Every structure is written in C-alpha cells, then in structure tokens.
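Throughout, a chain's letter reflects where its sequence line sits, starting with A, and its residues are numbered from 1. The basis for the numbers below is simple: all heavy atoms, side chains too, and nothing from hydrogens, waters or symmetry mates. What you see is a predicted model, and the numbers here were worked out from it, not measured in a lab.
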Amino acid sequence: MALLEVSSLSKSFGGVRAVRDVSFVVRQGMIKALIGPNGAGKTTLFNLASGFVPPDSGVVRFDGHAIQGQPPHRSAALGLARTFQNIKLFAGMTALENVMVGRHIRSRAGFLASMLHLPFTWREEADVRRRSLEMLDFMGIASLADMEATSLAYGQQRAVELARALACEPRMLLLDEPAAGLNMRETVELSRLIVRIRDSGITVLLVEHDMSLVMGISDEVVVLSYGEKIAEADPATVQKDPQVIRIYLGEEEC
Amino acid sequence: MRPALLRQVAAFVATVVVIQLASVAGEKAFLLTQLTMSAYYTLVVLGLSLFMGYAGQISLGHAAFFAVGGYTSAVMTTFDLGPFRSTAWVAAAGKVGLLATRTDAFGSQVLAFHPWPAMACAVLLTAAIAFAVGVPVLKLKGHYLAMATLGLGTIVYSVALGTATLGAADGISGVPPLPVLPGIAVGGNGSRIANYYVAGTVLAVSMLLLLNLVHSRVGRALRAIHGAEDAASAMGVDTAHYKVRTFVLSAAMAGLAGVLLTHYNGSIGPSEASIMKSVKYVAIVAVGGMGSLWGTLAASMVLNFLSLRGYFGTLDDAVFGTILVVVMLFAPQGILAIDLRRALRFLRPTRGAPAEPG
Ligand SMILES: Nc1ncnc2c1ncn2[C@@H]1O[C@H](COP(=O)(O)OP(=O)(O)OP(=O)(O)O)[C@@H](O)[C@H]1O
Ligand SMILES: [Mg+2]
C-alpha cells in the first residue's frame, strides 16, 4: 500500500527550478532513499512533503489525504514526522523536554486544563515523561536527559532529534541526512537503528550522501538531479544505471 | 497539585502578609496603596511575560488592552441609563439584575451597569479585540510584530484622547467600587488593607494559574515555538493557534488589570493607553528575565512601586527607557538571569578565555 505518494510535484525559487515534475511512491514498511548531488532538490522535496513549502503544482498524498500546501502540524498529526538537515533542537530546553515536545500530538491538555492542573493532565504528563525517557533510552542517551539539548555534542544532538521524532509514534519518518557529521562507527550504528525503526513498523524516507548506508539498508532508491527524477529502482539496479553513474557518481570523482 | 509550586505560592502569600504587618507596625500603611496599584500593573506584566518570555513574541500594545478593559468598565458603570429606562433592552437588563442604581458624587441618581457584568464585558471585549488583531498580526515576526502592536497602541490612545464620551483628556471619573465580599470592595471607601489583600489574592491566583500553565504541555509547546518554530510545527504544534491563544490570554489579563485598577482608583485617563506605558511593561519583563515568572513579579512590584512613589520624578519615562536599553545590551535574558561567573569572566578578559565555550 502506498503510504506517501508524490505526483508531478514542482517548485521554483525565483529562477531556480528546485523540484521539477517529480513523482514516486513510498510503500508502507519500506526504507526508501532519496539521493542526488548537492542542490538536487532533496531537502526541498522533504519540505514539500511535510508542509513547510507549498508546491507550485502537484499533489502529495499521505495515507490517502492530499496534504500539499497544508501547514506542517497537519501532516504531523496524520503521522508524518521528520528531522532536519541542519539539526533544529529547541534552545533553552533539556534533551528530555525536547523529546517531550514530540509527544505533543499524543497528548491533549489545553490552556484551561493546564492552568487548572486538572487530574487527567497529571496522568498525561507522567505518561509523556515516561515515554520520552524510553525514547532517549532507545537512542542510548538516557543519561543526557537533563542536559541542555543545544549544548550536546553533534552526534548526541542528532540522537535527540531522532528520539523526538520517534516520540511522535509516527507512521512515517523523513530523515534528512541523518549520518552527516557522524563517524564510521556511529554511521554503522545508525544504519542498524534505521532498520530497527523500519522493523517496528515505521516507514522511512531517507536523504543521505553516505552511499554505503543508502545501498546497505534501502529497499528502493530515487535519484534526483537538478530537481528531476533520473532513476528509481532497487539499490543494485541504481548503482548500475549509466545515467546515475555519469551524473551522480561521476561527479564525486572530480 | 505540584508541591514545589504550592510552596512557592505559599512563600509569596507569606511575603504579602509580612509586608502588610510591617507597614502597619511601622505606621506606613499608606504605602499599601501604591503596593495595591503595583499589584494590578504586575498582572499586565505577568501576562506579557508569558507572551514574550515563553512564546518568544513581542507586544508594544499591552497598555492598549489595559485601557480597553478599564475604559469599558468605567463607561458601563458610569453612563446613566436612566433616560433610556423604558427602552426594551435596558428594561430587560434591569430585570435580570445587570443594572444598579446609585447616587453619584453630585447627589443625583444614576442607573448603570453593575460592576460585575461590566467587568465581564470589559475582559471579553479586550479578548475579542486581541483575537481580531492577533490572527493577522501574529503572522508577522520580530520587529514587524512590534510595529503592528505599536500601531494598535497608537489607535487606542488617540481614540481615548479624542472621544468626548470617554472624557477626552480628562478620562472618566466617578467609577463605583467593585464589591467583592460583604464589607470588602475594590476601591471606593473600602479599607486600604482589605484592598491590598484583594490585590494580593488576585496576584497569587494568577501566579498559580500561570505557573501551572508554563509547566504543562502548553508551556512546553510555547517554549518550543520560542526555541525553534519550524521544529515545533514539525512536531505537530499548531504554532499560529498557540501564539494567538497566548496573545488573547495575556491581553485579557491586561484588560482585567485595567478593570480592577480603574475601580480601585475610581477613574481612568488616556495616559494609561500611552505608548510609554507599553514600553514600561516591556522594560519590566526584560528586567525580570525572559521566561521567569517570579523574577518578573519581583521586578514589576519593585519598579512599579518606586515609579508610583515618584522616586524617578519627571524622569520616569527616561528611567524605563534606559532600563530597556541597558538590559538589551548587557543582559537580554534579564537582569535576574545574569550568570555572575560569566559576568566576572567578561570583566577580566586579560586572564585568558576559559577552555569551555559558554
Ligand atoms: N527557500 C529557498 N529559497 C531559494 N532557493 C532555495 C530555497 N530552498 C532551496 N533553494 C534552492 O533550491 C535548490 C535545491 O536545494 P535543496 O536544499 O533542496 O537541495 P538538496 O538536494 O537538499 O542539497 P544538499 O545535498 O546540499 O542538502 C538549490 O539550488 C537551492 O539553492
Ligand atoms: Mg539538503
């Protein structure tokens, strides 16, 4: 079943055609990778899919709902969570508090209930805290719970951001270059983690430059170049595609 | 309930009592008047602190909300409906007990709204205006938002100053007291000590509600908007909704403060709506610390008290302007949030920068 369906999506910024008529589907339960040289439009595609940028034309369907042009909190509520290429943690909040915000859509205390500290909010808060600690633990950083998130080391910040996205209990996770800045050992750990996430039932769409990571864990790969989709297949086929080798892998050699 | 918060509020109540006892023992009970007024101004500042310090937005229009509340209540409780007694809606309002007859300062009978329905209308009107203004304006950010709220402040100020039914430059006086309990009223001939305790109670209850709020799911969402708005919306926080709600809540608190202070003083004038008042509120929030309700409460009580006692003389506006500049330059997180060790390090640059980054 197609969980995310992108049809004829286009977006220009001034004269730059960042995404041109791109279509693909991500089926439930798979790890799909989106690769391409710098500036190919990968992040823009993520922004279009998660509601941060409205498309010029085209449709984004998540679980059957057309979500293009809707604000990001709508797609989050439908079960689409994401991380950012340039990590975006909440400044002035601890790692635990950051992850607790991830439980926002799984809790419901509003202004009045919160001000009156109604009994249901006590239970809810306890639950939010417990589940968030579990997520930090899953990422192996439970000991950092009370540290200010933005003061952590780079890799730890990535872990907090991923824990926060997982705390949403999403149906699908968009990861924008999760291995950027990680060393080889951390990257191997990350690839195991992504597989575990997929095995827990969360569909993954991944933007990544690290080819060993992408080719090792992806079920399917989409290749973008200058905003256009130039290939879409399983990793082995994509690696043999002459156009991909020329445009994408060829570029890395120079 | 949260034991820590209850302990803090209990400590605040104890402080309120100690100050009252000390002022009476020291034969300085007259100071309670300015403390009562400071408490009501502090209500404005606390609401603004929620909007600025937690949600990370800015408003230069909070004096306008204070004035809308105060003026609405003043007009409704002083405008004589006697001549309209026979019209259908006045008769209906009288029948359901919304109106009250009293004798004004000149000995004539006045039929006007009772202070309680007037207060309810005043707060609702303030909230409605904040909502109507907030929905489009809160799409703006940073100094655009500051300018838009500044514009609102200017409008309310000129309307207050230029409208005859609002008393133009004189404002409205003869506002009746607001009865609270048998023998206790805000303003009028109500006792000074009783009024002080009413104001203290209003502050204590407001603090409890606000502290609950900032320690909740909602408070977390507001801080998230402040910390990284994009990421907050990616986590499902409806950022526009939260900003508007917070704006309306803080405006309603300003409106309520305007109502209470107007009944306490028995009058309100256009200066309450002036831009300088809004700047003053912002300056106090800045001193108290962005994101610290207790710090804001302390800063507000002290600064408003000094200002009302006339310690700053004719330079009052200049003092608050200076405070704002100094805080922004040297301690944008608020004076009470200064990390002393870092400040000292800053003063001794020759010793070499420490290895760990700030
Ligand atoms: N908000 C924006 N305004 C203007 N131009 C933009 C904007 N966002 C992206 N672009 C442009 O669109 C193109 C695609 O950018 P995008 O960030 O999507 O690429 P990318 O594939 O994620 O690259 P990278 O691998 O470097 O992250 C680039 O030319 C970029 O400069
Ligand atoms: Mg990118």
>> Could you measure the distance from the CG atom of B:D230 to the CZ atom of A:F52? Nearest 0.5 Å is fine.
In response: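 Here the interatomic distance stands at 5.0 Å.
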> When heavy-atom pairs shorter than 4.5 Å are enumerated against chain B, which of A:E161, A:R103, A:R82, A:R108 gives the highest number?
Replying inline: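 Most heavy-atom pairs under 4.5 Å with chain B: A:R108.
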> When heavy-atom pairs shorter than 4.5 Å are enumerated against chain B, which of A:M93, A:M115, A:R164 gives the highest number?
Replying inline: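 Of the options given, most contacts go to A:M115.
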Select one option (side chain, backbone, both, neither) describing which atoms of [X] are under 4.5 Å from chain A's heavy atoms.
| X | answer |
| --- | --- |
| B:H215 | backbone |
| B:L5 | neither |
| B:A232 | both |

For [X] and [Y], work out which heavy atoms get closest and say how close.
| X | Y | answer |
| --- | --- | --- |
| B:M235 | A:H104 | O-CB, 3.9 Å |
| B:S233 | A:A76 | O-CB, 4.2 Å |
| A:S114 | B:L213 | CB-CD1, 3.8 Å |
| A:I105 | B:G236 | CG2-CA, 3.7 Å |
| A:F90 | B:A224 | CD2-O, 3.3 Å |
| B:A231 | A:K88 | CB-O, 3.4 Å |

>> Using a 4.5 angstrom heavy-atom cutoff, name the option from B:A234, B:S216, B:A240, B:A221 with the most pairs to chain A.
In response: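 Highest number of heavy-atom pairs under 4.5 Å: B:A234.
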> Mind checking which of residues 124-139 of chain B sit less than 4.5 Å from chain A, heavy atom to heavy atom?
Replying inline: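 Result: none.
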Taking side chain as everything from C-beta outward and backbone as N, CA, C, O, which of these in [X] sits under 4.5 Å from a heavy atom of chain B? Side chain, backbone, both or neither.
| X | value |
| --- | --- |
| A:F111 | both |
| A:L89 | backbone |
| A:R74 | neither |

>> Just checking A:R196: does its CZ atom have more than 12 heavy atoms from other residues, nucleotides or ligands closer to it than 6.0 angstrom?
In response: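 12 or below, so no.
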> Is it true that atom OH of B:Y144 has more than 12 heavy atoms of other residues, nucleotides or ligands lying nearer than 6.0 Å?
Replying inline: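 It does not: B:Y144 OH has 12 such atoms or fewer within range.
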> Yes or no on side-chain contact (heavy atoms from CB on, under 4.5 Å) for A:E97 and B:R223, after CA distance, side-chain angles and deciding distance?
Replying inline: CA-CA 10 Å; A:E97 287 173 324; B:R223 290 164 61 207; 3.1 Å; yes
> Are A:L116 and B:N212 side-chain neighbours, meaning at least one heavy-atom pair lies under 4.5 Å?
Replying inline: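 Result no, sub-4.5 Å side-chain heavy-atom pair not found.
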>> Just to be sure I understand the criterion: a residue of residues 124-141 of chain A counts if one of its heavy atoms is under 4.5 Å from a heavy atom of chain B. Which ones qualify?
In response: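 Counting heavy atoms that sit under 4.5 Å from chain B, the residues of residues 124-141 of chain A involved are A:E124, A:E125, A:V128.
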>> Looking at B:R217 and A:S107, would you say the former's side chain and the latter's main chain have a donor-acceptor pair under 3.5 Å?
In response: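 Looks like yes, one N/O pair under 3.5 Å.
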